[in-house]
Amino acid sequence: MSRPRTRAVPSADAAAGDLGPQWPSVTAEAQAAPVASVQQERRAQPSSPAADADVTGSIVREPATPPAVAKADSEGTWGPAWPDLSAPTRTAGSAREADVTGSVSSAPLVTKAPVRGAAWPAYVVPAPVRTFAFEVGGRYWYSTGKADFGFRNGAPGYGDPTSTLDWRDTRGHAGEVFGRIDHRPTGVFVKGLIGAGTLGGGTITDRDYFAGQYVFSDTSSDINGDSFHYGIVDAGWSFNVPRAGFRVGGFVGYHYWNEKLTAYGLTCNADDVGGAVCGPPGSVQIPYTTAVLAYEPTWHALRLGIDGRWEFLPGWSVAGEVAYIPIARLENKDSHLMRQSMSDLGPAPNVISRSSQGYGIEAEVFVNYAVTPFLELGVGGRYWGLNADTGKVTFGPSFGSSYDLTKFEQQRYGLLLQAKGRF
């Protein structure tokens, strides 16, 4: 129903038009008058049955708008009322209550201020998960290596093996670049590296045997350097536990490894025949400015392995891999540089060894520190060891006949320093 508007009697100042800069000047009498007037009008005002009837048939009058002190304009019109908080406070539930006698409650309704509940948590849009993760970096590898060769000619009176060549302590300095791509949704990854460097230092010992392994020739030469290069590519699948900072996976891959070694000079060592073939022990038969022997072994290897990574402290991680080589193919070009005449072994390379039944182990491990979220520095170690127990050895100049390869073992191991970017 329509609410009656309350008109307050303006004060003397209001009648004169002095309403102040913002609020009307209202005297105590003017403040009390509207309240009394409103109460008289409410007693006389009939209630509306349509609006006030409850389900019991009793009529409950909807309370009128709370008394207010009106704002007067210059013509005496009072504007929107301000609530009079001097009246007794009733709860919202009592505003529509009627007693059993059917009496009408006319007390003004003053509701409590709404209670604000706990704020809803802000929804944070998750960062999009990248489909691919990339690693790329560079390494320095300081290494030491060796290679051992042996064959038998099968001729009566000669030993088994008939001849051995042992390359020892070949020091290497190499640089390499590497990378890895992970497909996060599936866990599939591809990784690889390519490197090259120089070799130098060490010695080679060449021994020849009679039956019963009596040494009839024993010589030494210095290894004064050459080069090596290599490459690896692997593909596999990894299982990741990001919250634990843990990753482990398996892979299959291919390894290419080539070394070139050159020996200079020749010194006779003590043997079992008193130097009858080579000369007195310690004698230099060829000066150390002359190249006498060159070696070039090349491996093509299949890799089956596992790799992993673990962040054991904030910023610190350990990562590594180990691979088994179930099969490897070897070709070694052996050049006896002082025996290149056609009446001897012919042009270099004049001794070729081949095997398709090589095997071995390769492993590496790193400890890394994340300088920034995108840059890691690390230090680690690496070992490569490949072996062949069977194969064929052919001699020039015709290469028409072959002999049994009894041993070819090659190793390289050393220290690695790396810098890696992660994106």
Side-chain angles (χ1 to χ4, degrees), residues 121-144 171-197 228-257 303-324 361-385 412-423:
Y123 176 71
V124 178
V125 178
V129 177
R130 293 175 298 161
T131 303
F132 293 95
F134 300 89
E135 295 181 356
V136 63
R139 294 189 184 115
Y140 164 71
W141 186 17
Y142 172 77
S143 62
T144 299
R171 295 182 294 275
H173 302 270
E176 65 185 58
V177 294
F178 65 95
R180 178 183 176 119
I181 303 174
D182 285 85
H183 186 245
R184 291 177 178 268
T186 62
V188 174
F189 68 88
V190 177
K191 64 184 181 71
L193 60 88
I194 184 170
F228 74 118
H229 52 284
Y230 52 92
I232 292 176
V233 60
D234 299 318
W237 177 86
S238 64
F239 175 73
N240 294 271
V241 186
R243 291 187 178 182
F246 179 75
R247 182 193 73 206
V248 65
F251 61 83
V252 57
Y254 163 76
H255 183 196
Y256 169 81
W257 180 12
R303 288 162 44 94
L304 299 176
I306 59 174
D307 83 331
R309 174 184 172 89
W310 177 42
E311 297 179 5
F312 60 93
L313 286 174
W316 290 92
S317 64
V318 58
E321 67 176 39
V322 58
Y324 171 63
I361 291 290
E362 299 176 349
E364 62 185 35
V365 63
F366 290 90
V367 176
N368 303 299
Y369 177 70
V371 180
T372 73
F374 306 103
L375 176 64
E376 283 187 353
L377 301 180
V379 60
R382 172 185 288 161
Y383 170 83
W384 291 346
R412 185 151 296 278
Y413 47 89
L415 177 70
L416 288 151
L417 302 175
Q418 75 172 12
K420 175 173 62 177
R422 305 178 67 193
F423 309 97

Looking at Lys420, Glu135, Arg422, which one forms a side chain to side chain contact (heavy atoms under 4.5 Å, CB included) with Arg180? Glu135
Would Val177 and Ile194 count as a side-chain contact (heavy atoms from CB on, under 4.5 Å) here? Give the steps. CA-CA 6 Å; Val177 294; Ile194 184 170; 3.5 Å; yes
Would a 4.5 Å heavy-atom cut-off, applied to side chains only, mark Tyr369 and Leu377 as touching? no
Rounded to the nearest 0.5 Å, what separates atom CG in Leu193 from atom CG in Asp234? 8.0 Å
How about His183 and Phe132: are their ring centroids closer than 6.0 Å? yes
In the structure I gave you, are the side-chain heavy atoms of Val318 and Val365 within less than 4.5 Å of one another anywhere? yes
Of Tyr383, Tyr413, Tyr230, which is the lone residue that meets ring-ring contact (aromatic ring centres under 6.0 Å, His included) with Trp141? Tyr230
Between Glu321 and Lys191, does any NZ, NE, NH1 or NH2 come within less than 4.0 Å of an OD or OE carboxylate oxygen? yes
Minimum heavy-atom distance between Glu376 and Ala370, given as atom pair plus value: CG-CA, 3.9 Å
Heavy atoms of Phe228 and Arg412 approach each other most closely as CE1-CD, 3.9 Å
Does Phe312, at its CZ atom, have more than 12 non-hydrogen atoms belonging to other residues, nucleotides or ligands within less than 6.0 Å? yes
Is there side-chain contact between Leu416 and Tyr140, with heavy atoms separated by less than 4.5 Å? no
Is there a ring pair (Phe, Tyr, Trp, His ring centres under 6.0 Å) between Tyr142 and His173? Walk through the geometry before answering. CA-CA 5 Å; Tyr142 172 77; His173 302 270; 5.2 Å; yes
Any non-hydrogen side-chain atom of Phe251 less than 4.5 Å from a side-chain atom of Leu304? no
Decide yes or no for Ile232 and Trp384: does some side-chain heavy atom of the first lie under 4.5 Å from some side-chain heavy atom of the second? yes
Under a plain distance cut-off of 3.5 Å, with no hydrogens placed, do Glu362 and Tyr324 share a side-chain donor-acceptor pair? no
Other residues, nucleotides and ligands only: do more than 12 of their heavy atoms fall within 6.0 Å of CG on Leu415? yes
Any side-chain donor near an acceptor of the partner, Arg247 and Ser238, under 3.5 Å: no
